[in-house]
Number of protein chains: 2
Amino acid sequence: MSTRKFCLAILSSGDATGYEIRKAAQEGQFSHFIEASYGSIYPSLAKMEQEGLVTWREELSSGKPSRKIYSITQLGRDAFLKELFETPVEDLFRSPFLLLALYCRWVGPEFISKEIDRRMENLELKIADMKHELEINEDPASAWTLEYGITAYSASLNYLKMNRSKLERIASEPVSHAQAAE
Amino acid sequence: MSTRKFCLAILSSGDATGYEIRKAAQEGQFSHFIEASYGSIYPSLAKMEQEGLVTWREELSSGKPSRKIYSITQLGRDAFLKELFETPVEDLFRSPFLLLALYCRWVGPEFISKEIDRRMENLELKIADMKHELEINEDPASAWTLEYGITAYSASLNYLKMNRSKLERIASEPVSHAQAAE
DNA sequence: GCTCACATGTAATAAGTTACATGATTTC
DNA sequence: GAAATCATGTAACTTATTACATGTGAGC
């Protein structure tokens, strides 16, 4: 249901192709808190077309492959609004990284160190991305959302910066039987 | 695959029933970055038993329903280690709340205000929870992970505290046709 | 000539959600 | 007497993932 909601959100601000919607999920401001791949977007669009929430027209351009440009209908707008008003599902945070941190003694300090590097690079990239979007952006709601993301990610990044050595130290303690059976 | 990994993680620190594993996903330190329900835990345990990753014994206690106590096998430990060493999937953050924030003008300031309240209460609860776990906790890796969570959530909460009025103001601006077609 | 970006989709599979079904004991 | 907690599981359904399948044009 979340891919559907996302497609309606994008289309509520303007027409788009499936390809463009996926790109928005991959690169834009949405990418930081939404997941959607071709395999979920195209079927979702097809289904919504059957339900009358969206329509499409074909655009044939010489050379380039033809595009199916989707538009939201009034029914679609109503459905989107309804979804917005429904109490939103709780935000979801799933972290294989934190699970790894919890079991850091099992993998040792070198591996942990490498993974912390990866995680920090990732956060830095995301933050840089959001700062860039903030600059080219004109919509105040987008700015607010981007700043929320920058704040939260910066806090995580900073925590890693200040406390990574602590975790690396913990990871270097040997795993005793007592701990394993704890 | 993530429910499986989580079950192995729990069992690697000691025997447990399906019920207890689900409780750990619901309440403990894990609950802040893992999702798992009965419907995914029980089938997962059954499958892992067939694969020889876990075994179980029945405990009949007078009165209470009988429990199936699962233990991890050496094969299971190996599988868990292997999963830990495999490059972890990127952390996943999905936020219906931020999508709502982005479209705040469509729902208006009253609704947004209510949702911000909900979100803040939620964050406060989680933070309080983690602080409490931090106190009763003895494992340094757990402490590190909990502090990570407290840091990130506190930053989000603080952002909401400082900037909620801004979003409420944005939400009160009428949606023009130009914006809708932007 | 190669890779990247554009562009659409399907099929098989995996995974998880939600509701259902059942029942005893403990606590208020 | 009611509600919460302990305790196990299934079945139907929804959803998403991954890989496959295909092809053009532009830039290097």
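A, B, ... follow the sequence lines: proteins, then strands. Residue 1 opens every chain. Please read all numbers here as calculations on a predicted model, not as lab measurements.
Computed from coordinates, the A:Arg22 CZ to C:dA7 C1' distance equals 11 Å when rounded to whole Å. Rounded to an integer number of Å, the gap from OH of A:Tyr38 to C1' of D:dT22 is 14 Å. Whole-Å rounding puts the B:Met48 CE to D:dG9 P distance at 13 Å. Counting to the nearest Å, the P atom of C:dT17 and the CD atom of B:Gln26 are 11 Å from each other. The separation between B:Glu35 atom CD and D:dT15 atom P is 17 Å, rounded to whole Å. D:dA7 atom C1' lies 10 Å from atom CD of B:Glu20, rounded to whole Å. The distance between atom CG of A:Leu92 and atom P of C:dA15, rounded to the nearest whole Å, is 17 Å. Rounded to a whole Å, the NZ atom of B:Lys5 is 17 Å from the C1' atom of C:dA14.
Under a 4.0 Å N-O distance rule, the pair B:Lys166/A:Glu147 qualifies as a salt bridge.
Residues B:Glu27 and B:Tyr70 both approach DNA chain D. Their nearest nucleotides, taken by heavy-atom distance, put B:Glu27 toward the 5′ side.
Set against D:dT10, D:dG9, C:dT8, the side chain of B:Pro43 has D:dT10 as its closest nucleotide.
Taking the six-membered ring where the residue is Trp, the centroids of A:Trp106 and A:Phe111 are separated by 6.0 Å or more. Two rings, from A:Phe93 and B:Phe33, have their centers 6.0 Å or more apart.
The side chain of B:Lys23 places no N or O atom within less than 4.0 Å of a non-bridging phosphate oxygen (OP1 or OP2) of D:dT5. Phosphate proximity of D:dT15 to A:Ser44: absent, as no side-chain N or O sits under 4.0 Å from OP1 or OP2. Considering only side-chain N and O atoms, A:Tyr42 lies under 4.0 angstrom from the phosphate OP1 or OP2 of C:dT8. Here B:Thr3 reaches the OP1 or OP2 of C:dG16: one of its side-chain N or O atoms lies under 4.0 Å away. Distances shorter than 4.0 Å separate some side-chain N or O of A:Thr17 from OP1 or OP2 on C:dT8. When the side-chain nitrogen and oxygen atoms of B:Tyr19 are compared with OP1 and OP2 of D:dC6, one or more of them lie within a distance under 4.0 Å. Not one side-chain nitrogen or oxygen of B:Ser40 sits closer than 4.0 Å to the OP1 or OP2 atom of C:dA14.
Cluster membership check: B:Tyr42 does not share its hydrophobic cluster with B:Leu11, using side-chain heavy-atom separations under 4.5 Å among Ile, Leu, Val, Met, Phe, Trp and Tyr.
At the heavy-atom level, A:Gly39 lies under 4.0 Å from base atoms of the strands shown.
At a threshold of 4.5 Å between non-hydrogen side-chain atoms, the residues A:Pro96 and B:Lys5 count as touching.
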